[in-house]
Amino acid sequence: RCTNEILLCIKKGERHLKKCITFEEHLLSDIGRTVPCTHLPELGPYGECNINDFQTDLSEVQQEIRSLCIFTHAKVIPANAFSRLTTLQFLYITGHQVRRVHSGAFSGLLNLKYLHVYFNDSGCSSVIMDTPVFAGLDHVEQLSLEGLRWSGVPNTTFDHLVGLVRLVLDTICVQELGEVLCRFSNDTFHLKHLTLKNSGITSIRSTGCPSRSKAWPLTVLAEVQTLEITGDPIRIIATNSLAVFRNLSSLTLSFYGVWLGSIWESGIRKVSKLELSGITLNEYHTNFKDLCHLVSQLRLQSLELTHVTLDTLSKEDIDNCGTELKKLSVCNSKIQHLDPRFWTSIAGLQILNMAHIELTTAPFCFAGNGTMWNLTTLGLWHNRLTVVKTNQFICMPLLEQLLLNDNWIKILEPAAFTGLFHLKVLKLNSNRIKVLAVNDFDSLRALEILLIDNNVIENIEHGVFRNQDELRELTLGRLEYVYTLHLSVLFYGFPEKMQRLCIDAHYGTNIYIGSIGQPNSSFILELNGDILIISDYSSPFFESVRELKLNGSLFLFKLYFFVPYFSNLESLEVLGNPEKVYINYNGISKLRYLKRLKLINLNFSNHTNPDITFWNLKLLRILVLYNCRLSFLTKRMFRDLQSLELLRLHSVSPLILHDGMFDVLPALREVVLDRVDFRCDCENGWLLEWAESSRQVQVIYMQHQQCILQYEKWNFLATMEKLCQTGMQYLCYLGTASTITLLVSASVSYRFAYWPCVVLFFRLRGYVERKIGRRIRKRRRPRQEEDYLEEEAEMKYDAFVSFSSHDEAWVFGELAPRLEEQGQPRLRLCLHNRDFEVGKGIVDNIAESIYSSRRTVCVLTRRYLRSDWCGLEMRMATHRLLEEQKHRLILIFLEHISPFELSAFHRLSKLVKSHTYLDWPQDESERIHFWERLRRNIAAEGRDI
């Protein structure tokens, strides 16, 4: 029956989709991640695969690949799965369904150095590992196994990893460290770093292996230098349980035990670095004297504490820490009483980090009474400091890094940084600084990195950066109330070593360059702000910018887009606001040295001619177009992009790719379709054929794209495969198997040509009746009027009502009662739910009802237009209208449907243009006239409404 749903049964396409991509390192940051992975630098070419079968799908990978990341749904990693990839050095496998790894699975990987296998993301999977599973991996230096149930790992698993330096085991579900050590091989004598994360280890004992079938590899463990056990609730550390690690230099523990003394009684000797965290240190107040005893016993040089609660931190507490401690970090913790003189007992301390401990003051130098501190790094980030006082750090003449970011600092008092002649890094970002005074940074002549972004700055005095000749990086902002920014008077000569300048103007500002000079080498310029206006032109400064990043709505120089004035740009990123401002971006075509172009949220639909925007960019290698309001891409647009290797597209509106547009891109290697909504039209079939046949270009995410068909979105590949099978294929099949083809054609015709045949039947029927009727009318013309009245009287119904089942409530609640039970004359309506004859075919019922009714009333809604049955009823009524040349059809629009939407339904659109129709009024006062008019036109003999 009439319904508003279209059931489009689409069989999955038979096209071969590429499962793997490869790319070079310079594309790494722009290509996006297709599988979970973290690539290492300088190990290209890189590859990423989403596969189901290792043996067949990996055949797409280039043999010279050096880094490969795989996401697989396979349950088995077979033998020799990677044997052809002899140059591979980095392999990352994510296989949450893998349950078996065959012996020799990694054979042939003679150059492999890094292997990561991720079995489970939420627990431990039971995986059968056939030995020798790692045979042939003599050169592997780092192995990571994650989500693997350790109890199923054979004792001989690590026998062949003779070159292993670092082993990382994550989520392996063990309770005792000894269970892990028992499976180590004596052959792994190069092992230096052992890391266990989130594995459930609760105790460290020296009881040996549970089955007594194998002993700990003592010679191997004696060479381990770094032991990290994090995310595990370690409650018991037995005496001498860590004595086997005789050369340990760094120990990281999540300690949940009661007594810290169990750590130094564990048997470890001198350790340079100790990191401690855990619920015990948090729940039980820790005495720093006990920690100092631990420091002196282990002769620590670095102590890092996380999630601790300290009673006190004073000079007396630290007296027993010795003189070897060089680094102290206390983070995410609470100190009940902090004595700012504590550091005077460990004057040899070089690095102090106290972050996330709610510090409100840091008067270390004032409390030191003139004592000099050899500190080189002081980190006080994420506290509650509100002011930097005069001479606050004067006792730290060797300080090189001062990290004050993410505090509540509002004021920099005069001479706040006096004495910091060696300071190279100063972070003041994410504070509440309002004013930058002329002498704030006067003494910081060695400063190389200054971060002041994310501050609401109201005033910047002239010459504030005049002494920072060594400056390499400066971030400045937000300049919410600085409406004019003169760079020349900020620096009094641009720093020659500047590499990155970032200005956040927030609402916007006028930037004057002036006679600023230029750096010795190229640098990066980042400008953020809603309205950015460059008010003068400085050729040396503009020409020195090689990378430009813009974020805002308006970027102008003398009412023009200012980007073309940076004539030597090699990289350009523009993030705009497509709803707010329209700019002509055609000037981009003047950037002849551009190699990378990333455009996000721009509006090319107004004031910009996209046909010429990318002309002359012959050196461009990377092009990213993200939601730029482009309606189409053509050959003409890309005619000069001879060096383009990567094209990345994202469009929230339908985008048309013209046939052959990639033919003018000889260097193209990757096309990334983040999101592109196509039309379900066979004109797009060329894209599928090109993507499948191209050996040089890899199309990424094609399988995720959608196309639009009758207001609904469908999978692009599957829909196109269904809609666009060629006639040539059909003819070839017909010629080679004529008998079978006849049978197939009959079944296909019944399935797909049923409705066209029904329409054809009624069209032929009308044609015959018209031919015969003309002859009869010539003989019986005097009786025509009388026959018509007689025919009308013989009609069973006044009107047949065609409607969607979704509008049934309106028909039975409004239409039927009004016309059948109220008013004069009372009308007889044919409603399919009520009046169709039981047992008769639906098509026959429809035909008989229409030809037994004086009128046909169509209740039009969007769901009506999408219904096949309703469409049949409309076609039958239209055919009767044409064949009898009498008014038989009345249209009621129950909801507003635009002419654009009606244009897809040619016959109905033509009727609407040539016939008057009724609109269901929203105002109840107008509905009385509506019912009178409808009743009159059903009962009347007129030709139109």
Determine whether a donor-acceptor pair (N or O, by modelled atom type, separation under 3.5 Å) exists between the side chain of Asp187 and the backbone of Val162. no
Flag side-chain contact, heavy atom, 4.5 Å: Leu404 against Phe393: yes
Could you go through the side-chain contact (heavy atoms from CB on, under 4.5 Å) check for Phe255 and Ser262 one step at a time? CA-CA 10 Å; Phe255 186 58; Ser262 59; 3.4 Å; yes
Counting neighbours of CZ on Arg299 that are heavy atoms of other residues, nucleotides or ligands and sit closer than 6.0 Å, is the number greater than 12? no
Can you check whether His160 and Phe134 have ring centres sitting under 6.0 Å from each other? no
Under 4.5 Å between any side-chain heavy atoms of Asp170 and Leu196, yes or no? no
Before you tell me yes or no, could you show the steps for Ser314 and Asp339 under side chain to side chain donor-acceptor pair (under 3.5 Å), namely the whole-Å CA-CA distance, both residues' side-chain angles and the distance that decides it to 0.1 Å? CA-CA 5 Å; Ser314 64; Asp339 181 359; 5.1 Å; no
Could you tell me whether the side chains of Ser103 and Asp130 share a donor-acceptor contact shorter than 3.5 Å? no
Counting distance only, does the side-chain N/O of Asn407 pair as donor-acceptor with the main-chain N or O of Asn405 below 3.5 Å? yes
Indicate whether any N or O donor in one side chain lies under 3.5 Å from an N or O acceptor in the other, for Ser199 and Asp232. no
Does Glu275 come within less than 4.0 Å of Lys273, counting only side-chain N to carboxylate O? yes
Spatial distance of atom OG1 (Thr361) from atom CG (Leu338) [nearest 0.5 Å]: 8.0 Å
Are any side-chain N or O atoms of Ser333 and backbone N or O atoms of Val308, one a donor and one an acceptor, separated by less than 3.5 Å? yes
Without hydrogens or angle criteria, can the side chains of Glu176 and Ser203 be said to hold a donor-acceptor pair below 3.5 Å? yes
So how far is it from Ile51 CD1 to Ser59 OG, rounded to the nearest 0.5 Å? 10.0 Å
Beyond-backbone contact of Asn353 with Val330, side-chain heavy atoms, under 4.5 angstrom: no
Please evaluate residues Tyr256 and Ile234 with respect to the criterion side-chain contact (heavy atoms from CB on, under 4.5 Å), reporting the C-alpha separation (whole Å), side-chain torsions for both, the decisive distance (0.1 Å), and the verdict. CA-CA 5 Å; Tyr256 283 55; Ile234 300 176; 5.7 Å; no
When the ring planes of Tyr92 and His116 are compared, do they come out parallel, tilted or perpendicular, using 30° and 60° as the limits? parallel
Closest contact, heavy atoms only, Ile318 versus Ile346: CG2-CG2, 3.3 Å
Taking Gly47's backbone N and O only, do any of them form a donor-acceptor pair with Arg66's side chain (distance below 3.5 Å, no angle check)? no
Between Ile93 and Phe82, is a side-chain contact (heavy atoms from CB on, under 4.5 Å) present by the stated rule, with each step listed? CA-CA 12 Å; Ile93 302 174; Phe82 311 95; 3.7 Å; yes
Which heavy atom in Asn383 sits nearest to a heavy atom in Ala355, and how many Å separate them? ND2-CA, 3.9 Å
Nearest-0.5 Å distance that lies between atom OG1 in Thr219 and atom CZ in Arg246: 8.5 Å
When you check the side-chain N and O atoms of His190 and Glu223, is any donor under 3.5 Å from an acceptor? no
Answer yes or no: does atom NZ of Lys197 have more than 12 heavy-atom neighbours from other residues, nucleotides or ligands under 6.0 Å? no
Cys49-Cys69 sulfur separation below 2.5 Å? no
Donor-acceptor pair, distance only, cut-off 3.5 Å: does the side chain of Ser296 make one with the backbone of Cys292? yes
Distance, nearest 0.5 Å, that separates CG of Leu143 from CG of Leu91: 10.5 Å
Closest non-hydrogen contact found for Lys327 with Leu349 is N-CD1, 3.6 Å
Report yes if the side chains of Val425 and Leu402 come closer than 4.5 Å at any heavy-atom pair, otherwise no. no
Is there side-chain contact between Val168 and Leu194, with at least one heavy-atom pair below 4.5 Å? no
Do you see a donor-acceptor pair shorter than 3.5 Å between the side chains of Glu400 and Thr376? no
Leu28 side chain reached by His39 side chain, heavy atoms, under 4.5 Å: yes
For Thr34 and Glu48, run side chain to side chain donor-acceptor pair (under 3.5 Å): C-alpha distance rounded to whole Å, both residues' side-chain angles, the deciding distance at 0.1 Å, then the answer. CA-CA 7 Å; Thr34 61; Glu48 296 181 358; 2.4 Å; yes
Pairing donors with acceptors under 3.5 angstrom, does anything connect the side chains of Asn120 and Ser125? yes
What distance do Leu328 atom CG and Gln301 atom CD have between them, rounded to the nearest 0.5 Å? 14.0 Å
For a quick test of reading the model, state the closest non-hydrogen atom pair linking Ser67 to Leu43 and the distance between them. OG-O, 2.7 Å
Proximity of Trp381 and His356 rings by center, below 6.0 Å: no
Close side-chain approach of Val76 to Arg99, heavy-atom, < 4.5 Å: no
Parallel under 30°, tilted from 30 to 60°, perpendicular over 60°: which one fits the rings of Phe90 and Tyr114? tilted
Plane angle bin for His96 and Tyr118 - parallel if under 30°, tilted between 30 and 60°, otherwise perpendicular: perpendicular
Nearest atoms (heavy-atom pairs only) where Leu375 meets Ile351: CD1-N, 3.7 Å
Can Asn80 and Ser107 be counted as having a side-chain donor-acceptor contact under 3.5 angstrom? yes
Which atom of Cys20 lies closest to which atom of Leu58, heavy atoms considered: SG-CD2, 4.5 Å
Checking Thr72 against Thr94 for the side-chain contact (heavy atoms from CB on, under 4.5 Å) test, could you report, in this order, the C-alpha distance in whole Å, the side-chain angles of both residues, the deciding distance, and whether it holds? CA-CA 6 Å; Thr72 180; Thr94 301; over 6 Å; no
Would you give the length of the straight line joining atom OG of Ser83 to atom CG of Leu88, rounded to the nearest 0.5 angstrom? 11.5 Å
Establish, from distance only, whether the side-chain atoms of Glu64 and Thr87 form a donor-acceptor pair under 3.5 Å. no
Over 12 non-hydrogen atoms of neighbours within 6.0 angstrom of NZ in Lys192: yes
Please check this pair: side chain of Ser254 against backbone of Pro233, looking for a donor-acceptor N/O pair closer than 3.5 Å. no
So do Leu426 and Leu403 actually touch side chain to side chain, heavy atoms under 4.5 Å? no
Check whether Asn247 reaches the backbone of Ala222 with its side chain - one donor and one acceptor, N or O, closer than 3.5 Å. yes
Is a side-chain donor-acceptor pair under 3.5 Å present for Glu670 with Gln698? yes
Exam field: side chain Glu25 to backbone Glu42, donor-acceptor pair closer than 3.5 Å: yes
Using atom types as modelled and distance alone, determine if a side-chain donor or acceptor of Trp150 lies under 3.5 Å from a backbone N or O of Glu179. yes
Heavy atoms of other groups near His102 NE2, more than 12 under 6.0 Å: yes
Do you see a donor-acceptor pair shorter than 3.5 Å between the side chains of Ser345 and Asp319? yes
